[in-house]
Structure formats: C-alpha cells, structure tokens
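Letters A, B, ... are given to chains in the order of the sequence lines, protein chains preceding strands, and every chain is numbered from 1. For clarity, every value in this text was computed on a predicted model and none was experimentally measured.
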There are 4 protein chains.
Amino acid sequence: MAIVSRVTDSPGTRRRGADKRRRLSAAAAQVLHHQGVERTTIADIAHAADVPVGNVYYYFKTKDDLVRAALSEHTARLEEITDGLDRLPDPRERLKTLVAAWVEQREVAARYGCPTGTLAAELDKRADGVLDREAGEVIRMLVDWAERQFRALGLPGAADHAITFVAAYQGMSLLSNALHDPEIMTSQGAALTAWLDSLT
Amino acid sequence: MAIVSRVTDSPGTRRRGADKRRRLSAAAAQVLHHQGVERTTIADIAHAADVPVGNVYYYFKTKDDLVRAALSEHTARLEEITDGLDRLPDPRERLKTLVAAWVEQREVAARYGCPTGTLAAELDKRADGVLDREAGEVIRMLVDWAERQFRALGLPGAADHAITFVAAYQGMSLLSNALHDPEIMTSQGAALTAWLDSLT
Amino acid sequence: MAIVSRVTDSPGTRRRGADKRRRLSAAAAQVLHHQGVERTTIADIAHAADVPVGNVYYYFKTKDDLVRAALSEHTARLEEITDGLDRLPDPRERLKTLVAAWVEQREVAARYGCPTGTLAAELDKRADGVLDREAGEVIRMLVDWAERQFRALGLPGAADHAITFVAAYQGMSLLSNALHDPEIMTSQGAALTAWLDSLT
Amino acid sequence: MAIVSRVTDSPGTRRRGADKRRRLSAAAAQVLHHQGVERTTIADIAHAADVPVGNVYYYFKTKDDLVRAALSEHTARLEEITDGLDRLPDPRERLKTLVAAWVEQREVAARYGCPTGTLAAELDKRADGVLDREAGEVIRMLVDWAERQFRALGLPGAADHAITFVAAYQGMSLLSNALHDPEIMTSQGAALTAWLDSLT
DNA sequence: CATGAATGAGTCTTCATTCAT
DNA sequence: AATGAATGAAGACTCATTCAT
C-alpha cells in the first residue's frame with residue numbers, strides 16, 4: 001500500500017481528497033436527514049464518512065457549510081431524478097412516475113420525513129435568513145419542474161397546480177412521519193395520482 | 001370559583017404559581033414554535049415568560065417537560081377551535097371555516113410554519129421516540145376531528161379524506177414557510193375549499 | 001381538626017414543633033447514614049420527616065445544623081446503649097454484649113456501614129475543620145467508654161485496648177460494607193469476642 | 001522503547017496525550033482522596049493536573065470515569081507495593097513490612113484516611129451500585145494478597161486472618177482520621193505487628 | 001494535507017437558602 | 001410558626017472550532 005500511494009501520490013491525493021469531500025457530503029445529507037441539523041454533531045458526520053474529525057474542516061469551514069453540502073446533494077439527486085423523468089414523453093406520466101417513486105420511499109418518509117422538507121422546516125427556525133433561503137431554493141426547483149410539466153400539459157393555473165403538487169407531497173410525508181404510518185404515503189399517493197389524471 | 005378562591009388559604013400564592021406555570025407554557029409554545037426545540041434554551045423561555053431561570057425548574061422538571069407543556073397548549077388551542085367550529089350546523093362549513101382560519105394565519109405560517117407540524121417534524125428526529133409520539137397525537141386529534149366531519153357529510157372514504165385535508169394544510173404551511181410566501185396559504189386555501197365543495 | 005388544633009393551640013403547637021424537630025433529627029440521622037451528607041438534599045430529609053421543605057429552616061438554620069442534629073442522634077443512641085450495658089455487672093460482658101449488638105446489625109452495616117464512622121470519614125474530607133471535630137467526638141465517646149471498661153477489668157494498656165476495640169468495629173463495618181458481605185460482621189465479631197476473652 | 005517512540009509518527013502528540021491522561025489520573029487519585037468524590041469538581045482535578053477544564057472530557061467522558069481512573073491508580077499502587085513485598089522471602093515479614101509502611105503514612109492517614117477505604121465508603125452511599133463494586137474490588141485485592149500470605153505461613157483460617165488484617169488497617173486509619181491523631185497508627189500498627197508475630 | 005488534541009463558550013440542571021404571605 | 005415559591009450560584013457536560021505537528 002505504501003508503494004501504491006507513493007506512485008499515485010499527487011493525483012491520488014487529489015482523488016482521495018475529492019473522495020473525502022464527496023463522502024462527507026453524502027454523510028451530511030444522510031445524517032442530517034436522520035437526526036436533524038441541531039442534533040447532529042460534526043463528529044457524527046465525520047464518523048459516518050469515516051473521516052477524522054479534525055480533517056473535516058479542511059473540506060468544510062463550518063458546520064453550515066456541511067449543511068450546504070447536504071442541500072447540494074439533495075439538489076443533485078433531484079436533478080438526477082427529473083432528468084430521468086424528462087425522458088418520458090408524457091408530462092403527466094412524468095408527474096405520476098414521480099409520485100410512484102415517492103410512494104416507494106414510504107418507509108423512509110415514515111421514519112424521517114422528506115429530506116428537503118424537514119431540512120427547510122428546521123432551517124427556517126433560524127433568525128438569520130441565510131441557509132433557509134438555500135433550502136427553499138431546492139424546493140423551488142421541484143416546484144418549477146412541476147410547473148413546467150403542468151404547462152406542457154397545456155393546463156391553466158400551472159403555477160398553482162405545481163404548488164399543490166409539491167405541497168401534497170410535503171403534507172403526506174409529514175403526516176406519514178408524524179403518525180409513523182408509511183401507508184399514508186400509499187393512499188395519499190393514489191389520491192394524488194387520481195388528481196393528476198382528473199386534470200384536463 | 002370566586003368563592004372557592006376566597007376560601008382557599010394563601011390564594012395569592014397559588015394564583016401566582018398557577019399563573020407562572022401558564023405563562024411558562026404559553027411562552028414555551030410560542031418560543032418553541034418560533035425557534036424550534038433545539039435552538040431554544042430554557043433561558044429563552046424563562047425570559048419570554050418573565051420568570052427567573054432557576055425558577056422554571058420549580059414548575060417543569062426538564063426541558064422536555066416544557067416541550068410537553070407546549071404540546072398541551074397546542075392541544076388546548078385545537079380543542080378550543082374545534083369546539084367553536086362544532087357549533088356550526090354544517091360539517092362542510094366547519095371544514096371550510098377552519099381553512100379560512102388557516103389562511104388568516106398565513107403570515108405566521110410563512111414565517112414559522114405550522115406550530116404542531118414543525119414541532120412534530122423536529123421531535124421525530126430524535127432517537128428515543130418519546131415526545132414524538134405525543135406530538136403525533138396532537139396531529140391525530142385534528143385528523144380524527146376532520147374524519148368525523150367527513151363522516152357526518154355521509155361521504156365514503158372519510159378517513160382518507162381527513163388525511164388529505166390535514167396533509168394539505170401541512171403541505172401548504174411548509175411550502176409557504178420554505179418559500180417565504182404567505183400567499184401560498186391563500187391560493188392553496190382556495191384550492192382546498194374548492195375541493196371540499198366538490199366532494200359529494 | 002380545626003377545632004382540635006384551636007383547643008390545644010398554644011401547647012399543641014409547641015408540642016408539634018418539638019415533634020417536628022425530633023422527626024427531622026431522626027430523619028437526618030437515617031437519611032444521612034444511607035445516602036451520605038453530600039448526596040442528601042434538605043428536601044430528602046424534609047420528605048423523610050414529612051415536613052414541608054420551607055419549614056425545615058425554622059428548626060435548623062443550615063444543612064450543617066441538620067448534620068449536627070444527626071450527630072446528636074447518634075450520641076444519644078450511643079448513650080442509651082452504654083447506659084444499658086452499664087447495668088451489666090461484668091465489664092467484659094458489657095464489651096462482649098456490645099459486639100453482639102454490632103453483629104446483629106450486620107445487614108445494616110453491610111449496606112451502609114457504621115453510621116458514625118462513615119459520617120466522620122465524609123466530614124473529614126472538608127477543608128474547614130468544624131463538623132469533623134464534632135463527628136470525632138462521638139467516636140471519642142465510644143472509645144472513652146470502652147477504655148473505662150478495660151480499666152475496670154484492671155488491664156494495663158486500657159487506652160490502647162479501647163482504640164483497638166473501636167478500630168476493630170470500624171474496620172469490620174467498612175469491610176463488610178465495601179465487600180457487601182454481612183457475614184464479615186459475624187466472623188470478625190467472633191474474633192473480637194475471642195480477643196476480649198483472651199485478655200487477662 | 002526509545003526506538004519505538006522515535007518510529008511512531010507524531011510521538012510528541014501521543015506522548016503529551018498519554019502524559020495528560022496520566023496526570024489527570026494521578027490528580028484525580030489525590031484530589032478525590034483529599035476532598036472526597038462529591039466535594040471535588042472536575043475543575044479541581046483539571047486544575048491540579050494543569051489541564052484546561054474542557055479538555056478533561058477528551059480523556060474522561062464523565063466524572064465517574066475519573067473516579068474509575070483514581071481507583072485504577074490505587075490498584076496500580078497496591079500492585080507495586082505487593083510486588084515489592086513479594087520479593088521478601090518470609091510471608092510474615094511481608095505482612096509486617098506492609099504494616100510498617102502504613103505506619104509511615106500516618107500523617108496522611110490522620111489527615112485524609114485510607115485512600116481506598118474512604119473512597120469505598122463514599123461510593124457505597126450511592127444507590128446505583130456501579131462504582132462501589134469497583135471500589136470493593138481494590139480492597140478485595142488486598143484481602144486476597146493477605147490471605148495468600150497467611151496461607152503461605154501454613155496457618156489455618158487464612159481467609160479470616162486476612163479480613164482481620166485489612167479490617168485492622170481500615171479501622172486504625174479511620175480512627176486516626178476521625179480523632180486527628182497520627183499516633184493511633186503507630187500504636188495500633190505495633191499491636192497489629194504483635195498479633196502477626198503471635199500467630200502460629 | 002492529515003490528525004489527535006485543545007479550547008472555551010454555552011446549556012441544562014441541582015440545590016441550599018431566602019422570601020412573602 | 002408554616003409553607004409554597006423564588007433565587008442565584010455552581011457544576012457536569014457538549015461541541016463547534018482551532019491548533020500543533
């Protein structure tokens with residue numbers, strides 16, 4: 001191992017550095033989702049990423065930076081998902097497929113709620129309006145994507161429909177979480193799908 | 001009651017004591033709503049209630065007890081509201097009036113979210129799973145009340161409707177909060193009202 | 001009850017006052033023995049004596065006064081015991097009977113140690129040499145009584161014998177307590193009795 | 001060992017870390033002996049070890065862990081002593097030499113009592129019963145060592161003799177401490193030595 | 001770049017003692 | 001005298017952040 005690391009020294013280090021950053025971002029996204037921002041320590045994230053605590057600060061100057069990294073993770077994940085959905089020809093199918101994906105995640109939702117929604121809710125409790133704005137942007141992205149779909153369907157009130165659509169998701173996630181019942185995702189997901197079908 | 005309090009010895013003391021407890025509960029409900037549980041210190045609540053910090057513990061043994069007190073406040077407030085609504089003859093009117101009340105609170109929702117919803121979301125991040133159950137019960141109360149209204153309307157699927165109704169409220173509150181837009185409450189409130197009217 | 005307390009008002013109050021003081025002293029002696037001085041709160045003693053917390057200070061100005069009261073209780077108890085023993089004609093019998101009494105208390109010794117010895121040990125940790133002196137006096141009383149017995153037996157080295165005698169008791173109590181073994185009191189009591197018999 | 005430490009990376013840090021831990025353990029042993037567990041604050045120990053208060057928790061998670069460290073110190077010290085004594089050929093001499101060592105420590109005993117004995121007595125006041133067991137083990141170690149000596153002497157009743165031996169030490173320490181008289185150690189030490197000589 | 005260790009501000013909680021009635 | 005309530009000074013413990021190597 002000593003030889004290997006000596007050979008790939010400079011680029012290897014860079015690689016490993018980028019890898020650590022990625023691991024930390026991923027760990028932040030997950031741990032912050034599960035435990036919330038305030039109940040999560042830097043050490044928790046470091047441990048989950050298998051990075052020494054003191055080393056975290058080389059990649060992220062503050063805890064807030066780690067929260068930002070988590071938000072970026074969620075943004076990236078969302079983009080992945082919408083990119084995939086955009087390959088479907090019918091906008092209504094895209095929306096319905098997204099609902100199906102949410103329902104599939106019902107166990108996670110029941111246990112920890114929506115990653116972005118709970119994060120935004122927690123960050124909005126802060127007096128300083130810095131991070132909460134960034135959390136809102138992730139949700140805004142989803143709303144905007146949904147709006148594009150409703151618009152593509154030629155429906156009037158696309159903006160409101162988009163809000164209704166995302167609000168429905170956030171609402172069912174919160175209730176599923178608060179009542180510890182994943183089946184709320186199932187039944188409400190069906191209702192949301194029916195609503196999508198009813199729009200003409 | 002006036003007679004009783006005259007009879008009891010040291011009524012002043014008891015009065016003051018009960019008053020402080022009430023003030024602390026009210027302060028807890030408000031401050032926890034605004035700042036969240038983890039970012040709120042006992043000192044914050046004590047200050048808001050104008051009670052010396054050390055004295056808080058005479059009324060509430062732990063911080064969690066103060067959270068419980070806040071939940072009780074929310075329960076009490078919810079009961080007040082539903083009791084008032086129950087005086088309306090038509091269940092559909094009851095539901096619509098409640099929506100109107102939510103819309104009226106749009107500025108608060110946009111700033112801090114739904115008191116019970118955000119509290120439940122935060123408490124569900126805890127590993128222990130004690131308080132989160134209690135937070136869930138408050139939400140369950142609202143769901144149950146809504147279900148009774150849908151049932152009174154003679155509608156099938158009252159249970160699912162009730163979930164949809166409360167989820168819609170939680171969803172619009174969360175989005176309004178995350179996007180800092182009180183008008184989301186207005187537009188989504190209108191949509192929710194329209195939905196209620198459409199049910200036959 | 002109102003009538004009764006009105007009738008026996010003045011003397012009854014005095015009586016009750018003295019009774020409360022006695023109850024507090026007794027409670028202090030017991031609770032301090034079981035929990036130690038530092039781990040015992042005024043509230044603990046008040047509760048054990050069934051006296052309202054705020055009322056304790058009418059009888060005892062400080063916590064240290066309660067410790068003093070406990071020491072007095074032990075003094076009084078010791079005097080009772082030695083007075084009883086002094087009625088026995090033979091000094092050796094007195095000493096042996098005392099040992100037997102100690103052995104009988106073996107369960108208490110194993111659980112909490114010697115009341116006076118553990119109290120003295122704890123108080124001696126204090127920087128201010130106030131209460132520890134008073135605790136020493138109780139032990140000194142026992143040593144003096146023992147010395148009188150050895151002297152009455154016409155034995156040389158009565159002072160040293162007395163120290164040995166009391167030290168043996170303290171030692172077996174401490175070991176019984178530390179090792180949680182009441183039978184240490186039994187076996188060591190037998191050894192101590194044998195030693196008393198061997199002195200000529 | 002010099003070679004090893006040169007090889008290890010960042011030996012300075014490790015050294016300093018281990019050193020601090022050792023200093024904290026030693027400080028804990030001494031300060032807890034002098035002041036007792038309950039009257040000693042973490043800050044007291046930190047100050048005695050010349051370590052910033054907040055840093056103590058890097059080495060010891062809780063105050064109880066510091067108490068455990070103190071117990072370990074006492075265990076180590078006891079092992080050192082008995083290891084030294086075991087080099088003496090005659091078991092009786094070993095026991096008598098130990099007594100002599102105790103007598104030499106008479107000033108400390110008179111001021112603070114036996115480190116292990118007073119610690120065990122204080123810990124036994126706790127309801128939980130975790131640390132008290134560990135304190136008992138240290139005393140048990142001494143008893144066991146003594147028993148081996150008595151057994152090596154070919155004496156019947158070695159177990160009881162061992163208890164008597166250690167109890168005598170604890171008793172004379174406690175009396176010396178309670179009566180503030182170091183000479184009790186001297187005279188009782190002589191008596192104990194005489195007792196050892198008398199056993200055949 | 002890596003990392004164990006250091007720092008110190010902050011938070012919850014306890015409790016002896018005092019106060020007001 | 002009696003008593004619930006008030007007060008404030010600790011003390012244990014946590015943790016984000018920084019430092020030294």
Side-chain angles (χ1 to χ4, degrees), chain A residues 9-10 13-14 16-17 20 38-46 51-66, chain B residues 9-21 38-44 46 51-66, chain C residues 9-10 12-14 16-17 20 38-46 51-66, chain D residues 9-21 38-46 51-66:
Chain A
D9 192 30
S10 176
T13 298
R14 240 180 269 154
R16 241 184 292 124
K20 270 193 186 174
E38 299 296 335
R39 293 184 79 89
T40 297
T41 69
I42 299 278
D44 286 339
I45 296 172
V51 168
V53 187
N55 200 9
V56 172
Y57 282 84
Y58 179 77
Y59 298 95
F60 300 95
K61 290 262 170 271
T62 65
K63 187 179 178 181
D64 275 7
D65 277 352
L66 272 167
Chain B
D9 54 64
S10 67
T13 298
R14 274 192 204 168
R15 268 286 180 72
R16 234 183 301 126
D19 185 46
K20 264 196 186 173
R21 171 176 276 275
E38 300 297 335
R39 291 184 80 88
T40 297
T41 69
I42 298 276
D44 287 339
V51 168
V53 185
N55 196 14
V56 172
Y57 285 87
Y58 184 81
Y59 297 95
F60 299 97
K61 290 223 171 304
T62 64
K63 187 180 177 180
D64 275 8
D65 275 354
L66 273 168
Chain C
D9 191 31
S10 175
T13 299
R14 240 180 269 156
R16 241 184 292 124
K20 270 192 185 175
E38 299 296 335
R39 291 184 79 89
T40 297
T41 68
I42 300 277
D44 286 339
I45 297 173
V51 168
V53 186
N55 199 10
V56 172
Y57 282 83
Y58 181 78
Y59 298 95
F60 300 96
K61 289 262 170 272
T62 65
K63 186 178 179 183
D64 276 6
D65 277 351
L66 272 166
Chain D
D9 55 64
S10 66
T13 297
R14 275 190 205 171
R15 267 285 180 73
R16 236 183 298 125
D19 184 47
K20 265 196 185 174
R21 171 176 278 276
E38 300 296 337
R39 293 185 77 88
T40 296
T41 69
I42 299 276
D44 286 339
I45 296 172
V51 168
V53 186
N55 197 14
V56 172
Y57 287 88
Y58 184 81
Y59 297 95
F60 298 96
K61 289 221 170 306
T62 64
K63 187 179 177 182
D64 275 7
D65 275 353
L66 274 168

Point to revise | Within 45° cone and under 6.0 Å: B:Arg21 NZ/CZ vs B:Tyr58 ring | key: no

Closest heavy-atom contact between [X] and [Y]?
X       : Y       : answer
B:Ala46 : B:Val56 : CB-CG2, 3.6 Å
D:Val51 : D:Asn55 : CG1-CB, 3.9 Å
A:Glu38 : B:Arg39 : OE2-NH1, 2.7 Å

With sequence neighbours excluded, residues passing side chain to side chain donor-acceptor pair (under 3.5 Å) with [X]:
X       : result
D:Thr62 : none
A:Asp64 : A:Arg126
B:Asp65 : B:Arg68

Nearest-Å distance for atom pair [atom1]/[atom2], residues [X] and [N]:
X       : N      : atom1 : atom2 : answer
D:Asp19 : E:dA5  : CG    : P     : 12 Å
B:Asn55 : E:dA16 : CG    : P     : 17 Å
B:Tyr59 : F:dG4  : OH    : P     : 12 Å
B:Phe60 : E:dT13 : CZ    : P     : 13 Å
B:Asp44 : E:dG10 : CG    : C1'   : 12 Å

Revision key, fill the gap. Value for CD1 (C:Ile42) from CZ (C:Phe60), rounded to nearest 0.5 Å, stands at 10.0 Å

Practice item. Please figure out whether B:Ala43 or A:Val56 has its closest DNA chain E nucleotide nearer the 5' end. Key: A:Val56

Study note, to complete from the structure: Heavy-atom nearest nucleotide on DNA chain F taken for C:Tyr58 and for B:Pro52; more 5' hit belongs to C:Tyr58

Exercise for review: Tell me the stems DNA chain F sits in, counting at least three consecutive Watson-Crick or G-U wobble pairs, each under 3.5 Å on both distances.
Suggested key: E:2-21 with F:2-21

Please write out each protein N/O paired with an N/O of nucleotides 13-15 of chain F under 3.5 Å, distance rounded to 0.1 Å.
from   : atom 1 : to      : atom 2 : distance (Å)
F:dC13 : OP2    : D:Lys63 : N      : 2.8

Review point. Do any side-chain nitrogens or oxygens of C:Lys20 fall under 4.0 Å of OP1 or OP2 in F:dT3?
Key: yes

